[in-house]
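Order of appearance sets the numbers: ligands from 1, and atoms from 1 within every ligand.
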Amino acid sequence: MCGIVGVTADPDIGRSPASMLVDGLQRLEYRGYDSAGFALLECNTSRLLVFKDKGKIKHIVEKYRVRDYCCVTGIAHTRWATHGAPTRINAHPHTDCTNTIAVVHNGIIKNFASLKEYLVEKGHRFISDTDTEVVSHLFEDFINHGYNPLDALRKTVEMLEGTYAIAIVYAREPHRIYFARNVSPLIIGLGEGFNIVSSDIPSVLPYTRRIIVVRDGEIGYIEPYRIYIEHNNKQVSWQSRISYITWSLEESEKGGYPHYMLKEIMEQPRVLQETIIGLSTDDSIQKAAEILNNSSYIFITGAGTSFHAGLVFSYFLSRIASRPSHCFISSEYETLSTSASPDSVLVAISQSGETIDTLMALRAFRERGAKIISISNVVGSSIPRESDVTIYTRAGPEIGVAATKTYLTQTLALTYLAIELAAINNSVNAMEAKKMQAELSRAGRIVSRSLDRASKNVELLAESLKRHRNIYVLGRGLGSLIAYEAALKIKEVSYIHAEAYPAGESKHGPIALVEDRFPVIFIASPPSSIYFEKLQGNIMEMKSRGASTIVFGTTSYRNLVNVDYFVDVGEASEIAAIYALTPPLQLLAYKLAVLLGRDPDKPRNLAKTVTVE
Ligand code: AGP
C-alpha cells in the first residue's frame with residue numbers, strides 16, 4: 001500500500017535524477033501518504049544520503065531541499081503504515097549497518113520477525129519497527145559473506161515470505177538499482193540514457209511512455225543504458241514485453257479542477273463513451289459471456305466500490321439474463337471459495353487489478369478449477385494476468401482515492417456483459433439485446449444531462465447537510481445498490497456517517513435512530529411502476545418520525561409527496577438509470593468534503609490500492 005520509485009540516469013544527458021524522483025514520487029502519493037523518504041547516491045563521492053520524515057512529500061522535499069542534490073541514482077518511497085507507526089524512523093528508505101545499502105519496499109514481509117531475530121543474533125543493528133528493514137540487513141549479510149550484489153539479491157529474495165516490490169541501491173555500484181517483485185506491482189519505464197522502476201505508470205509518464213510490467217518472481221537491475229531481468233535464476237528476454245502507454249500526461253493530472261475527484265466525476269461522459277467503444281470492438285465480451293453460459297455457478301467478487309459494481313452485475317444477471325449468482329466481498333474468500341468447482345466461474349472486479357483480497361479470492365477459486373473473468377482498468381496488472389478473460393474498462397488513471405469514474409465504467413462493462421449473456425441464453429432476442437446495448441451507449445450523455453440538471457440542487461443540499469453527523473441512504477431494487485455506493489462515497493470523503501439499506505429493511509432496526517431533522521436520502525430508481533407506492537410508504541414512515549426527506553429520483557417519481565428536497569436527474573430506463581442517479585450523489589459527497597474542509601483526494605486512513613490482507 002505504498003509507492004516506490006527509483007531513477008538512474010547518465011549524468012551527461014542533462015536530467016536531474018533527484019527532481020525526477022521527487023516528481024515521480026508525488027504522482028504515487030495516492031498509494032499512501034503518511035511519510036516519505038529518499039536515498040540518493042551523491043555525484044562524485046557516491047555517498048549514500050537519506051532524507052525521510054513523516055508527513056507529506058512536498059514538506060519533506062522542501063525541508064531537506066532534495067531537488068538541490070546532484071546524484072546519479074536514487075530511490076524514493078511514499079508510505080501507508082502497516083508495520084510500525086508513521087514516524088521518521090519507520091519511514092523508508094531503510095539502510096544497513098554500514099549505511100551503504102538502502103531499500104524501499106511496498107508490501108509485507110510475513111516472516112520478518114524470525115528473520116530479524118536471526119540477523120540480530122548475527123550482530124545486525126535494527127533501528128525501526130518495520131518489516132522492511134530485514135531486507136537491507138539480509139542483503140548486507142550476503143555481501144559480507146562474499147556474494148556479489150546480484151547473488152546477494154537472489155539469496156535475500158529466497159529468504160523472504162510475503163508480498164513485495166523492492167528497490168535497492170548500493171553505494172559501491174552507483175549506477176545500478178536492484179529490484180524484485182512478488183505480488184506487489186512494479187513496472188520499469190525505459191528512457192534514453194535513464195531508466196526508472198516504479199509502482200505505477202503515472203510516475204514515469206513525464207519521462208517515457210515505454211514500460212515493462214515486472215512479473216511475480218522476477219528480480220533484476222536497471223542502469224542508465226541497461227536492464228537485466230531474471231526469473232528462477234534464468235535471464236528473461238524483456239524486449240517483446242514493452243508496452244506503449246497512450247494516456248496523456250494531462251490525463252493523469254488535475255486538468256484545471258481543484259481536485260482529482262471532481263475532475264474524475266466530470267470525465268465520466270468521455271470515459272463511458274470510450275469504454276463502450278472498447279467493449280463493442282473487443283472479443284473478450286463474447287468469450288466471457290460464453291464462459292458464463294457454460295458455467296453452472298456464477299460467483300462475483302470485489303472490494304469496496306468494486307463490490308458495489310458486482311452487486312449491480314448480479315442484479316442485471318438476474319433481471320436480464322435470468323441467471324442467479326452470488327456476489328461476495330473479496331476478503332471473505334476463504335470460506336466462500338470452498339464451494340467453487342470446475343463448473344463455476346468467478347467474476348473478479350478490481351479497477352487497479354492489484355487489490356490483494358480480490359487477487360487471493362481469484363487464486364482460491366482457480367485452485368479449485370473455477371474459470372476466472374476479470375474486470376479491470378489497468379492493463380497488465382496482477383488480476384488480469386491471472387484470469388482466463390479480462391474485460392478492460394477505459395477510465396484512464398484514477399488518482400482520487402474515491403472510485404468514481406472507474407465505478408460507472410465497471411457497471412457499464414458488466415451490464416454489457418449481462419446483455420451479451422442474455423442474448424446467448426435466449427433470455428432476450430437479438431433485437432432486444434441490440435436495443436439495450438444502444439441504450440447503454442447513451443450512458444455518457446445521460447451523465448452529462450444529469451450533472452447539468454442536478455448540480456445546482458446538489459450544491460444547496462450539501463450546504464444544508466454539512467452540519468449533520470449521520471445520514472441514511474435508502475432505495476429499492478437497483479436504488480438500494482446505488483445507495484450502498486452513495487453512502488460509501490459520502491463517508492469516505494466527508495467523514496459524515498452515512499449508512500445504506502434497502503428501504504424496506506429500514507423498519508427492521510435502523511428507523512430507531514430517526515428523530516427530528518434526521519436526513520434520509522431516498523434513491524428512486526426505475527421501474528417506478530413497481531416501486532412508487534412502496535417508496536412513498538417508506539417516505540411517510542420517516543417523515544412521521546421527523547426525518548428530513550430527500551429524494552434523488554428519475555422524473556417519474558416527481559409526484560412523491562412529503563419530500564422536503566427532490567433532485568430530479570431526468571428520465572432513464574432501468575439499465576441506464578445508474579448513469580443518471582450516481583453522478584449527482586458522487587458530487588454531493590465531493591461538495592460535503594470540500595465544505596467541511598476535507599481533502600477529497602486523500603481521505604484520512606485510506607489508500608487507493610489495498611495490497612495488504
Ligand atoms: C472506493 O471509493 C474505495 N476507494 C475502495 O473501496 C476501492 O473501491 C477498493 O479498495 C477496491 O479497489 P479496486 O477496485 O482497485 O480493487
Handout entry: Test applied, side-chain contact (heavy atoms from CB on, under 4.5 Å); reference residue, T301; option that passes from L346, V347, I349
Key =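 For T301, the side-chain contact (heavy atoms from CB on, under 4.5 Å) test succeeds with only one of L346, V347, I349, which is L346.
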Problem - Residue from L279, V389, I419 passing side-chain contact (heavy atoms from CB on, under 4.5 Å) with I285 - result: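 For I285, the side-chain contact (heavy atoms from CB on, under 4.5 Å) check succeeds only for L279.
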Practice task
Assess whether atom CZ of R442 is packed by more than 12 heavy atoms of other residues, nucleotides or ligands within 6.0 Å.
Solution key: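 Atom CZ in R442 is not crowded, with 12 or fewer foreign heavy atoms closer than 6.0 Å.
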Run through all N or O atoms in ligand 1 and write down each protein N or O closer than 3.5 Å, as a pair with its distance.
{"from": "ligand 1", "atom 1": "2 (O)", "to": "T305", "atom 2": "OG1", "distance (Å)": "3.4"}
{"from": "ligand 1", "atom 1": "2 (O)", "to": "A403", "atom 2": "N", "distance (Å)": "2.8"}
{"from": "ligand 1", "atom 1": "2 (O)", "to": "K489", "atom 2": "NZ", "distance (Å)": "3.0"}
{"from": "ligand 1", "atom 1": "2 (O)", "to": "E492", "atom 2": "OE1", "distance (Å)": "3.3"}
{"from": "ligand 1", "atom 1": "2 (O)", "to": "E492", "atom 2": "OE2", "distance (Å)": "2.4"}
{"from": "ligand 1", "atom 1": "4 (N)", "to": "V401", "atom 2": "O", "distance (Å)": "2.8"}
{"from": "ligand 1", "atom 1": "4 (N)", "to": "E492", "atom 2": "OE1", "distance (Å)": "3.4"}
{"from": "ligand 1", "atom 1": "6 (O)", "to": "T305", "atom 2": "N", "distance (Å)": "3.3"}
{"from": "ligand 1", "atom 1": "8 (O)", "to": "T305", "atom 2": "N", "distance (Å)": "3.1"}
{"from": "ligand 1", "atom 1": "12 (O)", "to": "T355", "atom 2": "OG1", "distance (Å)": "3.4"}
{"from": "ligand 1", "atom 1": "14 (O)", "to": "S306", "atom 2": "OG", "distance (Å)": "2.6"}
{"from": "ligand 1", "atom 1": "14 (O)", "to": "Q351", "atom 2": "N", "distance (Å)": "2.8"}
{"from": "ligand 1", "atom 1": "15 (O)", "to": "S352", "atom 2": "N", "distance (Å)": "3.0"}
{"from": "ligand 1", "atom 1": "15 (O)", "to": "S352", "atom 2": "OG", "distance (Å)": "2.6"}
{"from": "ligand 1", "atom 1": "15 (O)", "to": "T355", "atom 2": "OG1", "distance (Å)": "3.4"}
{"from": "ligand 1", "atom 1": "16 (O)", "to": "S350", "atom 2": "OG", "distance (Å)": "2.6"}
{"from": "ligand 1", "atom 1": "16 (O)", "to": "T355", "atom 2": "OG1", "distance (Å)": "2.5"}

Practice task
Could you tell me whether R598 sits above the aromatic face of Y495, with NZ or CZ closer than 6.0 angstrom to the six-membered ring centre and within 45 degrees of the axis?
Solution key: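 No - R598 does not lie over the ring of Y495 by the 6.0 Å and 45° rule.
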Exercise for the section: Determine, using ring centers only, whether Y315 and Y484 are less than 6.0 Å apart. Expected result: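 Between Y484 and Y315, the centre distance exceeds or equals 6.0 Å.
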Problem - Non-neighbouring partners of T409 that pass side chain to side chain donor-acceptor pair (under 3.5 Å), sequence neighbours left out - result: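 So T409 forms no side chain to side chain donor-acceptor pair (under 3.5 Å) with any residue.
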